[in-house]
Amino acid sequence: MEEEFVDASYDWLDDESMSAMVDEVENSLQEVGTKVEVSQQPTIALTPEQQLVLDLVRSGKNVFFTGSGGTGKTLLLQQILRFLSGKYKEAGDVVITAPTGIAAIPIGGSTIHSATGIGIPRTSEDFSRMWKKPNRKKWRRAEVWIIDEISMVSAEMLEYLEQTITKIRTTSMEVPQPFGGLQVIFAGDFFQLQPVQERPNPRISNQFLNRGLAFEAPAWHRANLETVILKNIFRQGDGNFVKMLNGIRTGENPAALEDIAKRCSRELYEVAGIKPTVLYSKNKDADDYNLKELNALPDEVDVLWIESQPAKQPVVLVADDNIVTLTMETNDPVLYRQELSVLEGAEFWKSCLALKEITLKIGAQVMLLRNLELAGRESDLVNGSRGVVIGWKSKQEKLVALQRKVEQFKSADGPKLKTHPEEAKLLSAIGKLKLSSIEFIPIVAFRNGRSIECDPELFEYPILNVGECRRLQVPLKLAWAITIHKCQGMTLDYVKVHLKDIFAEGQVYVALSRARSMNGLQVIGHASRSYVKVNPKVVEFYKALARKEVHPVPQLRFPDLVLNFSEEAIVEPVRKCTSSTSGKPFEKCPENVFWDKKLLPKEELLLPVICYHCSKKGHPAWACTSGNFVTNSMRIFTCLNLARC
Ligand SMILES: Nc1ncnc2c1ncn2[C@@H]1O[C@H](COP(=O)(O)OP(=O)(O)OP(=O)(O)O)[C@@H](O)[C@H]1O
């Protein structure tokens, strides 16, 4: 058994193995990043542990299930979704999420950032974005929330999301339930990649730092999760390989890395035109490799079938960068220069995934950097989706096409007071195209079969109290090679792992455990034991889980969430005014007090609204100069009509 993998040459593959490998590799192309569709495998037999998880979900419990890579966590989630789609008939009853786009695809979900509407939070106040009408409506009606790859969700993120969701879903008359009463289902392996913590910036107040691991959040403890550990590993059939991987995963056998590297040091060649996927720890190395592959493509291609003036040669897409300072409009040159220097030196310009310049050719392998909305809905084209450039469209032609669509909207509905959301999107795309200096728009065929014209998108980086950095660029990145952080959750049958600059806990394990077998794995570089990094808190957590302890690790404390929702978010015009002096329809009410009826339980609508702050407590809110008022259950609202107040 040991001998089988030692040979470093390619001769160890006989014809049969070679053809099996070609099949394996071809299958992998279907599977990379998408995993197994349950619909194609309806007869899958669950292991007893997987079945236990399903039963717990059925009984309405909050569940966390974990296990090493390849134990079928994602497959089980797909089975759970089948059950839930039978139980809950309406879209939106089950919110399916993962921390990254790539992880969200196999379960048909979206990223946590887009599902909650918070985007990439920079301060705790950004969680207030969940109060925007469509977001809070979505979260009020949801019944179940699923998070896959929970190891990449920080304690701080989970805590703030839980607090916000609970506030959104709880009326003043109700006792708050954890997660506002949602059933939560978490899946993931904390020995794999963990959240990347932000560097503290003293200029940012209430900065969101993405601290801690999800199980350290008080919200994790409040959820009262039933925990199940999955033990059967399906991805790798070779028990010896599994054992070595597990030693690396838990940090108990760092020498296993040297062992695997030795056995998998021979070159993996191109098979049936397919090159192995190359995994690097750092973006820079992946970028360099991609460039090399790009240069190897022919510089001029025949593009007969692509519409309009196709670019036969490589096209360099140059981003349009822009800075907006807070004091741009003022006459304070000193402050203006200060802000400018902060914005010009911002980390954003170095770390924005959309590069200042990207050269593309037909045939280039690319990855999407944005979640795309297609035809007004979230699509399965997300940050991380893989595709290939198949052609170009000229900007002028694209503009004409978009303009024509806008005209169709106008003539279809006649004059309107409000712009249709689809029309607004078209107008925004036109605006961005006009601002962009890009002359050719790449057309990309994605692995899901869709071909999309990838228009420039705006990448923004606000710095609180200073201003904003903006980059307008096509949301694409070369992808012959990808980083280990992008591949978590994938199964790769033909993969080269570069052991270079490994910096994160769980990184080596994630990279190696993507492979189905050592036959399809090549390890490059010095296999230092020090690359096997494991977070001691994770070790402690799993030991405590094995002992079935209820509160395995101490909880982290975070500052109270500052929810600074806009007036629009909490205050919506209601049909009935409920000020102390009248019960008239709001339009006719002299007090003109507005608030969100949904936030106010029916009983309170009948009760007087009294002022807050004011010494003469008890008088009608509209008469108070502070502009704030409370209901009798001490819920604070702000009167919109400040002039009257
Ligand atoms: N009960 C089962 N029977 C047969 N195959 C299974 C079963 N459960 C999972 N698998 C297979 O195991 C492989 C790995 O499954 P999956 O990707 O769901 O694992 P995972 O635990 O999510 O891995 P990772 O932690 O690396 O993301 C897949 O090919 C899947 O089809």
Side-chain angles (χ1 to χ4, degrees), residues 1-10 12-13 66-71 73 151 188-194 213 229-268 276-282 285 483-485 487-547:
M1 195 67 182
E2 291 276 314
E3 297 301 300
E4 208 178 312
F5 302 102
V6 176
D7 194 342
S9 78
Y10 219 48
W12 49 270
L13 280 180
T66 184
S68 46
T71 44
K73 298 182 289 296
S151 71
D189 174 17
F190 284 100
F191 280 113
Q192 297 188 34
L193 294 172
Q194 294 166 15
L213 299 165
I229 302 176
L230 306 179
K231 301 212 173 85
N232 275 39
I233 296 176
F234 292 94
R235 184 174 292 134
Q236 294 92 11
D238 172 357
N240 196 28
F241 186 34
V242 165
K243 212 166 139 202
M244 288 192 282
L245 284 177
N246 215 31
I248 295 171
R249 172 177 177 257
T250 57
E252 284 165 342
N253 182 14
L257 174 62
E258 294 163 348
D259 230 352
I260 293 177
K262 205 164 118 199
R263 289 162 190 236
C264 301
S265 60
R266 44 77 190 104
E267 181 71 23
L268 284 188
T277 312
V278 188
L279 301 183
Y280 283 102
S281 68
K282 291 200 166 161
D285 291 316
T483 59
I484 297 168
H485 272 79
C487 78
Q488 174 149 317
M490 288 182 177
T491 298
L492 301 166
D493 289 35
Y494 208 46
V495 56
K496 282 189 186 185
V497 174
H498 269 269
L499 291 178
K500 189 183 162 202
D501 299 329
I502 295 293
F503 60 91
E505 284 150 352
Q507 207 172 10
V508 163
Y509 172 68
V510 167
L512 299 176
S513 64
R514 297 310 95 198
R516 276 194 198 280
S517 67
M518 285 195 278
N519 282 357
L521 171 67
Q522 181 185 347
V523 179
I524 301 169
H526 173 58
S528 160
R529 289 182 191 197
S530 65
Y531 287 162
V532 179
K533 297 178 204 282
V534 180
N535 185 334
K537 280 189 205 164
V538 173
V539 176
E540 215 30 62
F541 175 69
Y542 278 86
K543 276 187 186 158
L545 284 187
R547 293 194 296 265

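Side-chain atoms of Q194 and K537, non-hydrogen and from C-beta on, never get closer than 4.5 Å to each other. Taking the side chain as every heavy atom from C-beta outward, T71 and K231 never approach each other to under 4.5 Å. Side-chain contact between L257 and L512 is present, with at least one heavy-atom pair separated by less than 4.5 Å. Side chains of V510 and L279 form no contact here, defined as non-hydrogen atoms less than 4.5 Å apart. I260 is listed as a side-chain neighbour of I248, based on a closest heavy-atom distance under 4.5 Å.
The two residues L268 and P276 make their nearest non-hydrogen contact at O-CG, 3.8 Å. Closest non-hydrogen pair, K500 versus S281, comes out as O-OG, 2.7 Å. Counting all heavy atoms, side chain and backbone alike, I233 lies closest to G69 at CG2-O, 4.0 Å.
In terms of modelled atom types and a separation under 3.5 Å, the side chain of Q488 and the main chain of L193 share a donor-acceptor contact. Checked by atom type and distance alone, the side chain of S151 never pairs as donor or acceptor with a backbone atom of G188 at under 3.5 Å. A donor-acceptor pair under 3.5 Å is absent between the side-chain atoms of T66 and the main chain of I229, judged by distance alone.
The distance from atom OG of S265 to atom CG of L521, rounded to the nearest 0.5 Å, is 10.5 Å. Atom-to-atom distance recorded for R514:CZ and L245:CG is 9.5 Å, nearest 0.5 angstrom. Here CG of D238 is found 7.0 Å from CE of M244. Values are rounded to the nearest 0.5 Å.
With respect to D189 and K73, no salt bridge is recorded, no charged nitrogen being found less than 4.0 Å from a carboxylate O.
Each of R235, Q236, R263 was scored for a side-chain contact (heavy atoms from CB on, under 4.5 Å) with F241, with one residue passing: Q236.
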Under the side chain to side chain contact (heavy atoms under 4.5 Å, CB included) rule, what do H485 and Q507 come out as? Steps first, then yes or no, please. CA-CA 8 Å; H485 272 79; Q507 207 172 10; 3.9 Å; yes
Would Y509 and F191 count as a ring pair (Phe, Tyr, Trp, His ring centres under 6.0 Å) if you check the C-alpha gap in whole Å, the side-chain angles of each, and the deciding distance to 0.1 Å? CA-CA 8 Å; Y509 172 68; F191 280 113; 8.0 Å; no
Give the intermediate values and the outcome of side chain to side chain contact (heavy atoms under 4.5 Å, CB included) for residues E258 and K262. CA-CA 6 Å; E258 294 163 348; K262 205 164 118 199; over 6 Å; no
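Note: H498 and Y280 have parallel aromatic rings, judged against thresholds of 30 and 60 degrees for the angle between ring planes.
For T250 and Y542, the side-chain atoms include no donor-acceptor pair closer than 3.5 Å.
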